[in-house]
Amino acid sequence: MSRIGKLPVEIPGGVTVAIDGNEVQVKGPKGTLAKRLAPGVSVVVDGKSVVVSKVVSDKQAAADFGTTRALIQAMVVGASSGWKKNLEMTGVGFGAKLVGEELILSCGFSHEVRLQIPSGVGCSVGKTSIELQSCDRELVGRFAATIRNVQPPEPYLGKGIRYSDEVIRRKAGKTGKK
């Protein structure tokens with residue numbers, strides 16, 4: 001049995017959790033999220049907490065048990081305080097700008113890269129930084145990964161787009177003959 005799945009999810013003030021058949025809906029000050037439950041898993045709202053339990057005792061239900069609890073926890077945190085991802089751009093001429101609902105990246109290519117910002121994601125741009133925020137953790141993470149994949153950081157000079165908390169292992173370059 002999952003150690004994470006056994007723990008109840010605490011519901012903070014201002015957040016409501018509703019279960020409608022096999023769908024969980026979480027409403028809070030930052031937004032509303034909904035997720036379909038996996039078969040074999042049951043969710044019950046018990047006062048100010050959400051309890052996840054297995055209905056069937058097979059291998060797939062055991063795998064979905066902890067995952068469901070973690071997804072509900074992420075939804076509760078997102079609806080109450082939101083999720084943020086920060087990216088940093090390193091390199092000569094690297095920059096970003098917002099034009100309407102598009103993020104335009106200059107990453108050393110011969111052209112600018114245009115990315116459509118998904119609805120529900122807030123984006124702010126600094127000189128060499130990009131900050132993403134939303135109530136949906138999956139959406140923020142997926143869009144941050146899309147931005148990072150435009151020009152991932154390289155290990156020799158460290159140029160590229162990286163997460164602000166990411167550590168790039170640097171390699172030694174070429175050495176001359178002695």
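Geometrically, Lys159 does not engage Phe94 in a cation-pi contact defined by less than 6.0 Å to the ring centre and at most 45° from the axis.
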Does the side chain to side chain contact (heavy atoms under 4.5 Å, CB included) test come out yes or no for Arg137 and Lys85, once each step is laid out? CA-CA 9 Å; Arg137 184 179 191 178; Lys85 281 277 190 182; over 6 Å; no
Go through Ser53 and Val55 one step at a time and tell me if the side chain to side chain contact (heavy atoms under 4.5 Å, CB included) criterion holds. CA-CA 7 Å; Ser53 60; Val55 176; 5.6 Å; no
Would Tyr163 and Asn86 count as a side chain to side chain contact (heavy atoms under 4.5 Å, CB included) if you check the C-alpha gap in whole Å, the side-chain angles of each, and the deciding distance to 0.1 Å? CA-CA 6 Å; Tyr163 300 116; Asn86 294 318; over 6 Å; no
Test log, rule side chain to side chain contact (heavy atoms under 4.5 Å, CB included), inputs Ile104 and Val113: CA-CA 6 Å; Ile104 300 174; Val113 178; over 6 Å; no
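Note: Ile168 CD1 to Arg162 CZ = 6.5 Å, rounded to the nearest 0.5 Å. Taken to the nearest 0.5 Å, the CG atom of Leu132 stands 8.0 Å off from the CD1 atom of Ile117. One distance of note links CD of Gln73 with OG1 of Thr68; it measures 13.5 Å at 0.5 Å rounding. Remark: Leu103 CG to Leu87 CG distance equals 9.5 Å, nearest 0.5 Å. With rounding to the nearest 0.5 Å, the separation of NZ in Lys6 from NZ in Lys54 is 10.0 Å. To the nearest 0.5 Å, atom CZ of residue Phe143 and atom CD of residue Gln116 are 8.5 Å apart.
Of all the heavy atoms in Cys135 and Leu33, the pair that sits closest is O-CD1, 3.4 Å. Scanning both residues, Gly120 and Ser134, for their nearest heavy atoms gives O-OG, 2.7 Å. Looking at every heavy atom in both residues, Pro8 comes nearest to Ser49 through CB-CB, 4.1 Å. When all heavy atoms of Val26 and Met75 are compared, the closest pair comes out as CG2-CE, 3.4 Å. Nearest approach of Met89 to Leu105, heavy atoms of both residues: CE-CD2, 4.2 Å. Between Gly158 and Thr90, the shortest heavy-atom contact is O-CB, 3.7 Å.
In the hydrophobic clustering of ILVMFWY residues, with side-chain heavy atoms under 4.5 Å counting as a link, Leu71 and Ile11 come out apart. In terms of hydrophobic clustering, with Ile, Leu, Val, Met, Phe, Trp and Tyr side chains grouped at heavy-atom distances under 4.5 Å, Val51 and Val45 are assigned to different clusters. Residues Leu98 and Ile161 share a hydrophobic cluster, clusters being chains of Ile/Leu/Val/Met/Phe/Trp/Tyr side chains in contact below 4.5 Å. Cluster annotation: Ile72 and Val77 are assigned to distinct hydrophobic clusters (Ile/Leu/Val/Met/Phe/Trp/Tyr, side-chain heavy-atom contacts under 4.5 Å, transitive). Val76 and Ile19 end up in the same hydrophobic cluster when Ile, Leu, Val, Met, Phe, Trp and Tyr side chains are linked at under 4.5 Å.
No salt bridge links Arg148 with Glu88; every basic N to acidic carboxylate O contact stays at or beyond 4.0 Å. The residues Lys97 and Glu112 are annotated as salt-bridged, a charged nitrogen and a carboxylate oxygen being separated by less than 4.0 angstrom.
Other residues, nucleotides and ligands contribute only 12 or fewer heavy atoms inside 6.0 Å of the OH atom of Tyr156. More than 12 heavy atoms of other shown residues, nucleotides or ligands fall within 6.0 angstrom of atom CG in Asn149.
Side chain of Arg170 to backbone of Leu157: a donor-acceptor contact under 3.5 angstrom is found. Between the Trp83 side chain and the Leu139 main chain, no donor and acceptor come within less than 3.5 Å of each other. Under a 3.5 Å cut-off, the side chain of Asp58 and the backbone N or O of Ala61 do form a donor-acceptor pair. In this structure a side-chain-to-backbone donor-acceptor pair under 3.5 Å is missing from Gln133 to Val121.
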